[in-house]
Amino acid sequence: RSRGLGDVYKRQSTTTAMKYFLSAGEASGDIHAAELIAAIKRIDPKADFIFLGGDLMAREAGNAPFIHYREMAYMGFSEVLRHLPQVLSNLRRAKEQLKAERPDALILVDYPSFNLKLARYAHDMGVKVYYYISPKVWAWKEHRVRDIKRYVDRVFAIFPFEVGFYKSRHDYDVTYVGNPSVEEVAHRKTNLPSREEFLKRHNLPDRPIIALVPGSRRSEIKNNLSVMQAAADMYPDYMPVVASAPGIDLSYYGYYIDPGTPIVNNATFDLMHFAEAALVTSGTATLECALLNTPQVVCYRANGVKLSYKIMEKILKVPYVSLPNLIADAPIVPEMLVHLCTPKLVGRELGNILPGRPGHDNQLEGYRRMREILGNSDAAQRTARIIVEENSLEKKESERK
C-alpha cells in the first residue's frame with residue numbers, strides 16, 4: 001500500500017538530501033520538467049537537482065543547467081549528422097556528470113535518441129531510472145521499447161492510450177499520471193494579461209489575430225513559416241502574428257514572412273489565447289492550443305514532396321500526428337502534412353475554422369471531448385509523489401544497512 005506524504009516528510013528528516021538528475025532536450029521538455037522539479041520540491045524541500053534543460057528548469061531548481069537544451073535540440077537524421085560532434089560531446093558530458101554526482105534517480109523527459117543512451121549508462125551504474133513523458137514509440141521506432149523495458153524502472157505515461165499500447169503489445173506496465181499540459185494551461189491562464197495589455201505590450205494594433213506558430217527549430221521555421229504567412233494573407237481582415245521560439249534570433253524570421261508582419265517574443269501561449277485561429281506546427285503547441293480553445297490547422301512541411309508523405313505513411317504506426325487527434329482518436333483538427341502543406345490547401349482549412357464558419361464550432365466540440373478523455377489529474381504532482389516515495393524508502397533501507 002502506498003504511504004502518505006506525511007510519512008515521506010518524516011522519513012526525509014532522518015536521511016541525506018535526495019539528488020535528482022533530469023534530462024530534457026527541448027523547449028517543451030523544459031516546461032514539463034520545470035513543473036516536475038517544483039512538485040518534487042514541494043514534497044522534498046531539500047532536494048538537489050542536476051540537469052540538462054532550460055531556463056524554466058533553472059528557475060525552479062535554483063541553479064543553471066550544465067548543458068542548455070539549445071545545445072541539444074537537433075531534429076532529423078541530417079541535422080543530427082551535421083552536429084554529431086556536439087551531440088557526442090553532450091552525451092559524454094552527461095555521462096561524466098552522472099558518474100561524478102551518482103544521483104538517487106535519473107528522470108528522463110522525452111528526447112529518446114539521447115535519453116535512452118543515458119538510461120543505459122545510469123542503469124549499469126545502479127541508478128534508478130524514470131521516464132516522465134514516454135517517447136512516442138506508439139507512433140514510430142517501436143523497437144525502442146526493448147531498451148525502455150531493459151533500462152527504465154518506471155515509465156509515466158501522459159496519454160491514456162499509452163497504457164494499453166505498452167501492456168497489450170509489450171507486456172509492460174506503465175503508470176498513467178494525467179497530462180501535464182492540462183494543469184499547466186489551467187495555471188497559466190490565471191496569469192494572462194488582458195487582451196488590451198497584451199496588444200500594448202507587443203505594440204500590436206487592435207485587430208483579430210491569426211497566430212503563426214512554426215515550431216522551435218530553424219528547420220521547422222524554414223519549412224513552415226512562409227506557407228503559414230501566405231495562407232493567413234488570404235484573409236486580410238485578420239492580422240497574422242508570428243510566435244518566436246527561445247534561442248532563435250528574430251532576424252531569422254524575416255526571411256520567411258512579409259515585411260511588417262509582427263513577431264511576439266516569449267509569448268506563444270498568450271498569442272494563441274488571444275488569436276481567433278492558429279496555424280501550428282505539430283507538437284506540444286497543438287495540445288496547448290486545443291486546451292486554450294483556439295481553433296487550429298496543423299502544418300508540417302518536411303520537404304514538400306509526395307514521396308516523403310508516402311514514406312511517412314509507412315513509418316508512422318498511428319492514423320494522426322497531432323496530439324488532439326491522437327488523444328480523441330478522431331480528426332478534430334485538420335493535418336496538412338508534407339505535400340499537402342501548401343498555401344492554398346492550408347488557407348482553405350484556415351477559412352473553415354474562422355469565427356462564423358462551419359468548422360469553428362465543430363472543432364471546439366472536439367476539444368471538449370478531448371479534455372474529457374485527458375481528465376484533470378495533476379501529472380507533475382502525482383509523478384513527483386511516486387518518485388520521492390520510492391527513492392526515500394530505498395535510501396532509508398540503504399542507510400540502515
Side-chain angles (χ1 to χ4, degrees), residues 26-29 31-32 110 133-140 157-165 176-186 188-189 210-216 220 224 228 231 243 268-269 271-301 312 316-338 340-341 345-346 348-355 357-377 379:
E26 300 172 288
S28 60
I31 294 171
H32 299 319
D110 203 358
I133 304 180
S134 162
K136 297 175 181 60
V137 288
W138 34 264
W140 58 8
I158 63 169
F159 301 114
F161 63 81
E162 290 177 319
V163 176
F165 165 82
Y176 177 63
V177 290
N179 193 286
S181 292
V182 175
E183 187 73 15
E184 288 162 12
V185 167
R188 292 171 71 184
K189 281 176 72 174
I210 294 174
L212 310 185
V213 187
S216 58
E220 292 175 326
N224 293 285
M228 293 175 168
T268 302
F269 187 86
L271 175 63
M272 289 193 299
H273 174 75
F274 290 113
E276 300 294 337
L279 301 177
V280 186
T281 297
S282 184
T284 305
T286 63
L287 179 55
E288 291 182 345
C289 198
L291 292 169
L292 285 168
N293 247 20
T294 300
Q296 64 182 302
V297 177
V298 173
C299 305
Y300 198 85
R301 186 177 180 89
M312 186 173 67
L316 289 176
K317 298 179 180 294
V318 288
Y320 310 107
V321 301
S322 64
L323 293 177
N325 291 352
L326 283 166
I327 294 164
D329 194 24
I332 294 174
V333 301
E335 298 179 346
M336 311 309 291
L337 310 178
V338 195
L340 300 178
C341 188
L345 294 177
V346 172
R348 183 184 66 192
E349 297 294 341
L350 173 61
N352 191 44
I353 62 168
L354 292 174
R357 306 291 180 92
H360 182 275
D361 291 345
N362 289 340
Q363 200 168 118
L364 297 186
E365 172 58 23
Y367 287 169
R368 185 193 63 76
R369 295 196 306 272
M370 181 204 73
R371 285 194 297 273
E372 284 184 353
I373 293 169
L374 285 176
N376 296 311
S377 173

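Remember, it's a predicted structure, so these values are computed and weren't measured experimentally.
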Subject >> side-chain contact (heavy atoms from CB on, under 4.5 Å) between Asp110 and Ser28, intermediate numbers included >> reply: CA-CA 9 Å; Asp110 203 358; Ser28 60; 5.6 Å; no
Subject >> salt bridge (charged side-chain N to carboxylate O under 4.0 Å, His left out) between Arg301 and Glu220, worked out >> reply: CA-CA 8 Å; Arg301 186 177 180 89; Glu220 292 175 326; over 6 Å; no
Subject >> His273/Arg188 under side-chain contact (heavy atoms from CB on, under 4.5 Å): CA gap, chis, key distance, verdict >> reply: CA-CA 11 Å; His273 174 75; Arg188 292 171 71 184; over 6 Å; no
Subject >> Trace of the side-chain contact (heavy atoms from CB on, under 4.5 Å) decision for Val333 with Val297 >> reply: CA-CA 6 Å; Val333 301; Val297 177; over 6 Å; no
Original post:
Do Tyr320 and Ile332 pass the side-chain contact (heavy atoms from CB on, under 4.5 Å) test, and can you show the C-alpha distance, the side-chain angles, and the key distance before you say yes or no?
Top reply: CA-CA 10 Å; Tyr320 310 107; Ile332 294 174; over 6 Å; no
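With sequence neighbours excluded, the residues forming a side-chain contact (heavy atoms from CB on, under 4.5 Å) with Ala290 are Gln296, Pro324, Tyr367, Met370, listed by chain and number. The side-chain hydrogen bond (donor to acceptor under 3.5 Å, both in side chains) check on Ser134 picks up Tyr166, with sequence neighbours excluded. When the side-chain contact (heavy atoms from CB on, under 4.5 Å) test is applied to Arg368, the partners found at least two apart in sequence or on another chain are Glu365, Arg371, Glu372. Applying the side-chain hydrogen bond (donor to acceptor under 3.5 Å, both in side chains) rule to Glu276 yields no partners; only residues at least two apart in sequence or on another chain are considered. For the side-chain hydrogen bond (donor to acceptor under 3.5 Å, both in side chains) test, no residue two or more places apart in sequence or in another chain qualifies with Asn352. Every residue two or more places apart in sequence or in another chain that forms a side-chain contact (heavy atoms from CB on, under 4.5 Å) with Ala211 is listed here: Val213, Leu271, Ala275, Ala278. Scanning for side-chain contact (heavy atoms from CB on, under 4.5 Å) contacts around Glu183 gives Asp378, with sequence neighbours left out. In terms of the side-chain hydrogen bond (donor to acceptor under 3.5 Å, both in side chains) criterion, Glu349 has no residue partners (sequence neighbours excluded).
At a threshold of 4.5 Å between non-hydrogen side-chain atoms, the residues Pro160 and Ile373 count as touching. Met336 places none of its side-chain heavy atoms less than 4.5 Å from the side chain of Tyr300. For the pair Thr281 and Met228, the minimum side-chain heavy-atom distance is below 4.5 Å. Residues Val280 and Cys299 fail the side-chain proximity criterion, which asks for heavy atoms closer than 4.5 Å. When side chains are defined from C-beta on, Asn179 counts as touching Leu287, because their heavy atoms get closer than 4.5 Å.
Taking each heavy atom of Ser181 and Thr284 in turn, the nearest pair found is OG-CG2, 4.1 Å. Across all their heavy atoms, Leu279 and Leu350 have their closest contact at CD2-CD1, 4.0 Å. Here the shortest heavy-atom pairing between Val182 and Gly375 reads CG1-O, 3.7 Å. When every heavy atom of His360 is checked against every heavy atom of Pro295, the shortest pair comes out as CD2-CG, 3.6 Å. Closest approach of Phe159 to Leu323, counting heavy atoms only: CZ-CD2, 3.5 Å. Listed here is the closest heavy atom pair of Leu364 and Asn293: CD2-O, 3.4 Å.
For residues 327-338, there are no salt bridge (Lys or Arg N to Asp or Glu O under 4.0 Å) pairs, not counting sequence neighbours.
Side chain of Thr294 to backbone of Met272: a donor-acceptor contact under 3.5 angstrom is found. In this structure a side-chain-to-backbone donor-acceptor pair under 3.5 Å is missing from Asn325 to Val321.
Remark: Leu326 CG to Lys136 NZ distance equals 9.5 Å, nearest 0.5 Å.
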